[in-house]
Structure formats: C-alpha cells, structure tokens
Novice: 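Here it is: the structure, laid out below.
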Amino acid sequence: MADATWTLASWNVNSIKVRAPQVADWLGERRPDVLALQELKVTEAAFPREAFEELGYRVLVHGQKTWNGVAILSRGEAEEVRRTLPGMEDDPQARFLAARVDGVLVVDVYVPNGQAVGTDKYDYKLRWLDALARWFEEELDPAEPIALLGDFNIAPDERDLWDPEAFRGEVLFSEPERAALRRLIDWGLSDVFRRFHEDGGHYSWWDYRQAAFRRNMGARIDLILVTSPLLERALSAEIDRAPRKLPRPSDHAPVLATFRRP
DNA sequence: ATGGTCGTCTAACGA
C-alpha cells in the first residue's frame, strides 16, 4: 500500500537479545518505515533477524560481541552505503551504519558515551565526532535528503537535561561535545523534534538508578537530524515513552519523526 | 550517603 507518510525511528535497545520481543511488538504497533537500532551487544550472526523479517522488515546489521552494535530495519529495500567512518576504518567498535532507503541516505550512529571529561574514552568520543562531521563536510551534500539519527550521547541544550547546571561541563553536556553537534547542525542538519516541540522536559533516556524515569530525571540524547529536503516534509516528531514503562525496559525510549513520503 | 541498576558474562566494567 502506498502510504502518504514516511516515518523514521531510532531506539537504543541496550541488548537486542533481551529486547527483541519488545522491539517486534513495537514495530507491529507503530510500523515505522525505518528503525535505526543502537547498543545491540551481539554479532551480526547472532542478531535475531527472523523476528523482524516476519514483520516485513529488511535487516542490515553492523554488530560485534558484547558491546555496541547498530542495525537498520526498513520496510523498503536498503542498499548499504558504508559501515565505517572515513579515517576510522580500523576502529573495532561497531557504532556506524549508513544505507540508502526510499531515496534517503539513512545514517545510524551510536556516538561513544565518553565516560567522563578528560578520560581516554572522552577523547575518543571527540575524535569520533570529528570524523563524523568531516565525512559530512567532505563527502555529503546538504541539498540531498539525509537523515542522521541515533544515540548521540549529547544533550543539545539546557532544555534537554533534567538538571543542566549539574551537567554543565560534564560528559553529555560539555562545550566540546556540544560544539561537535553544532558543527553538524551548521553543515545543514536540523533536529526534527525541535521543529515541533519547543519546551523542555522531553527526554529519551533515563538512568536505571534512583527511580529516574518515574521522577523524569532524564536527558534528550537520542536525535533525528535531517537536511532541508526532509525538514520541509516533516509532519510530526515524538518520543514514545510507552516502552520505557514495560517490565525490563531499555534505559532509552524510541524517538520518531514522520514526513510526507519522499 | 561519593551510592543506586542494568547487561555483558558469572568478575568487574561500561553506560
């Protein structure tokens, strides 16, 4: 059936082995055209692809054992574009997957968490973000329909954190990370959620500890960034908190954006 | 109170 709308979604599932039934249920309910997954924590061979293929989704996986891992599920045909960032081909961490779906370049990212400012992991996060921005600047065109989505592990501004003063200068909200995100925005990407919602208090991640979800102590770090050909077609954006309320949830909620069909 | 909770594997470590 030729739907008039086209929906992109992103979800950090924190283990696809644990979360596959929840993801399959959610796909059956919401039927996004594309779902970008992060934190699979499985190899490509161990990815439970049948659960999603039965629902009519094609499956592209860039996985690894134990950590990281990203996948793109799509109702339409997906042509893999690349699975490593230029300049980071030797990086063993599976955090990147780009594919063309329905004429849109879909770039799924699991940006390094960074642990804490000043650590080796933080330096790796900044290097990884620099390589990502450089790829966009040197090889891509903001006049093309491109969606960069996933877990950025960066809160764009004060509205995106439950306690911005506690996080100022810390990982998720330090100035170099925010500058790296602004560099992508300045290249020609827009945060679709902010096209439709201007107020704070909308989060996509809540720590498992301290009853953080119940108290809405969270951060909006899962983003859908799009170039202007897609932004002009945007109809709505949403964070779906329902799966976060289920037993054994991921610590992240899925985020969605709907467009007139490209 | 410098913790708490998950998921990886079954001891710490990453988030």
Side-chain angles (χ1 to χ4, degrees), chain A residues 10-26 36-49 51 61-71 88 91-97 108-129 132 149-156 160-174 176-178 180-181 203-223 239-255:
Chain A
S10 175
W11 194 358
N12 177 322
V13 292
N14 187 18
S15 168
I16 194 61
K17 283 183 187 167
V18 172
R19 233 67 68 189
Q22 287 183 26
V23 174
D25 287 349
W26 189 82
L37 298 171
Q38 305 88 35
E39 267 204 280
L40 306 177
K41 298 185 172 179
V42 289
T43 60
E44 182 174 355
F47 185 93
R49 59 173 59 236
V61 179
H62 182 190
Q64 70 178 89
K65 188 174 157 60
T66 307
W67 306 115
N68 309 313
V70 291
M88 302 210 63
D91 185 356
Q93 301 194 32
R95 299 181 172 276
F96 177 92
L97 182 60
D108 180 10
V109 293
Y110 176 42
V111 175
N113 171 280
Q115 194 172 57
V117 173
T119 62
D120 289 347
K121 291 188 174 71
Y122 179 81
D123 293 341
Y124 167 67
K125 180 180 196 173
L126 294 183
R127 281 202 313 280
W128 200 95
L129 286 163
L132 180 65
L149 76 172
D151 178 357
F152 284 74
N153 273 312
I154 303 169
D160 301 312
L161 276 170
W162 69 276
D163 188 351
E165 295 320 313
F167 275 88
R168 196 172 299 281
E170 305 293 333
V171 76
L172 303 189
F173 202 52
S174 71
E177 296 167 68
R178 297 174 68 198
L181 181 59
Y203 307 131
S204 65
W205 167 82
W206 303 261
D207 199 291
Y208 284 121
R209 296 165 286 189
Q210 294 182 293
F213 180 65
R214 182 176 57 72
R215 301 158 74 188
N216 201 29
M217 295 162 58
R220 194 176 67 91
I221 57 178
D222 299 271
L223 308 175
I239 301 170
D240 186 357
R241 295 160 58 100
R244 188 64 176 80
K245 301 172 183 172
L246 296 172
R248 276 196 104 182
S250 168
D251 45 351
H252 295 250
V255 300

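Here is the naming used below: chain letters follow the sequence lines, and residue numbers restart at 1 for every chain. As a basis for the values below, the full set of heavy atoms in this structure was taken, side chains included, without hydrogen atoms, waters or symmetry mates. Since we're looking at a predicted model, the values are computed, not measured.
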Novice: Is the shortest side-chain N/O distance from Lys65(A) to OP1 or OP2 of dT8(B) below 4.0 Å?
Specialist: no

Novice: With a 4.0 Å limit, can you tell me whether Arg248(A) has a side-chain N or O closer than that to the phosphate oxygens OP1/OP2 of dG7(B)?
Specialist: yes

Novice: Testing the basics here: between Ala20(A) and Pro48(A), what is the closest heavy-atom pair and its distance to 0.1 Å?
Specialist: CB-CG, 4.0 Å

Novice: Could you give the NZ-to-C1' distance, from Lys121(A) to dG14(B), as a whole number of Å?
Specialist: 7 Å

Novice: Evaluate the side-chain proximity of Asn14(A) to Arg19(A): yes if any heavy-atom separation is below 4.5 Å, no if none is.
Specialist: yes

Novice: Should Ser15(A) be listed as having a side-chain N or O under 4.0 Å from OP1 or OP2 of dT8(B)?
Specialist: yes

Novice: Using heavy atoms to find the nearest nucleotide of DNA chain B for Ile16(A) and Gln93(A) separately, return the residue whose nucleotide is more 5′.
Specialist: Ile16(A)

Novice: Under the 6.0 Å and 45° cation-pi test, does Arg168(A) pair with Phe173(A)?
Specialist: no

Novice: Calculate the interatomic distance between Asn12(A) atom CG and dC6(B) atom C1'; express it in whole Å.
Specialist: 12 Å

Novice: Without decimals, in angstroms, what is the distance between Gln64(A) CD and dT8(B) P?
Specialist: 13 Å

Novice: In whole angstrom, give the distance that lies between atom CZ of Arg214(A) and atom C1' of dT5(B).
Specialist: 15 Å

Novice: Using the P atom as the point on both nucleotides, what is the distance between dG7(B) and dG3(B), in whole Å?
Specialist: 22 Å

Novice: Trp67(A) CH2 to dG7(B) C1': how many Å, rounded?
Specialist: 7 Å

Novice: Measure from the side-chain heavy atoms of Lys17(A) and tell me the nearest of dA15(B), dT8(B), dG7(B).
Specialist: dT8(B)

Novice: Would a 4.5 Å heavy-atom cut-off, applied to side chains only, mark Lys41(A) and Val18(A) as touching?
Specialist: no

Novice: Starting from the 5' end of DNA chain B, give me the residue, Thr66(A) or Asp207(A), whose nearest nucleotide shows up first.
Specialist: Asp207(A)

Novice: Rounded to whole angstrom units, what separation is found between the OH atom of Tyr110(A) and the P atom of dG14(B)?
Specialist: 12 Å

Novice: Calculate the interatomic distance between Arg209(A) atom CZ and dG4(B) atom C1'; express it in whole Å.
Specialist: 6 Å

Novice: Which nucleotide sits closest to the side chain of Tyr208(A): dC6(B), dT8(B), dG4(B)?
Specialist: dC6(B)

Novice: Applying side-chain hydrogen bond (donor to acceptor under 3.5 Å, both in side chains) between Gln38(A) and each of Asn153(A), Asn68(A), Asp108(A), report the one that passes.
Specialist: Asp108(A)

Novice: Mind calculating the distance between CD (Glu39(A)) and C1' (dA15(B)) to the nearest angstrom?
Specialist: 6 Å

Novice: What distance, rounded to whole Å, do you find between the two P atoms, one in dA12(B) and one in dA1(B)?
Specialist: 29 Å

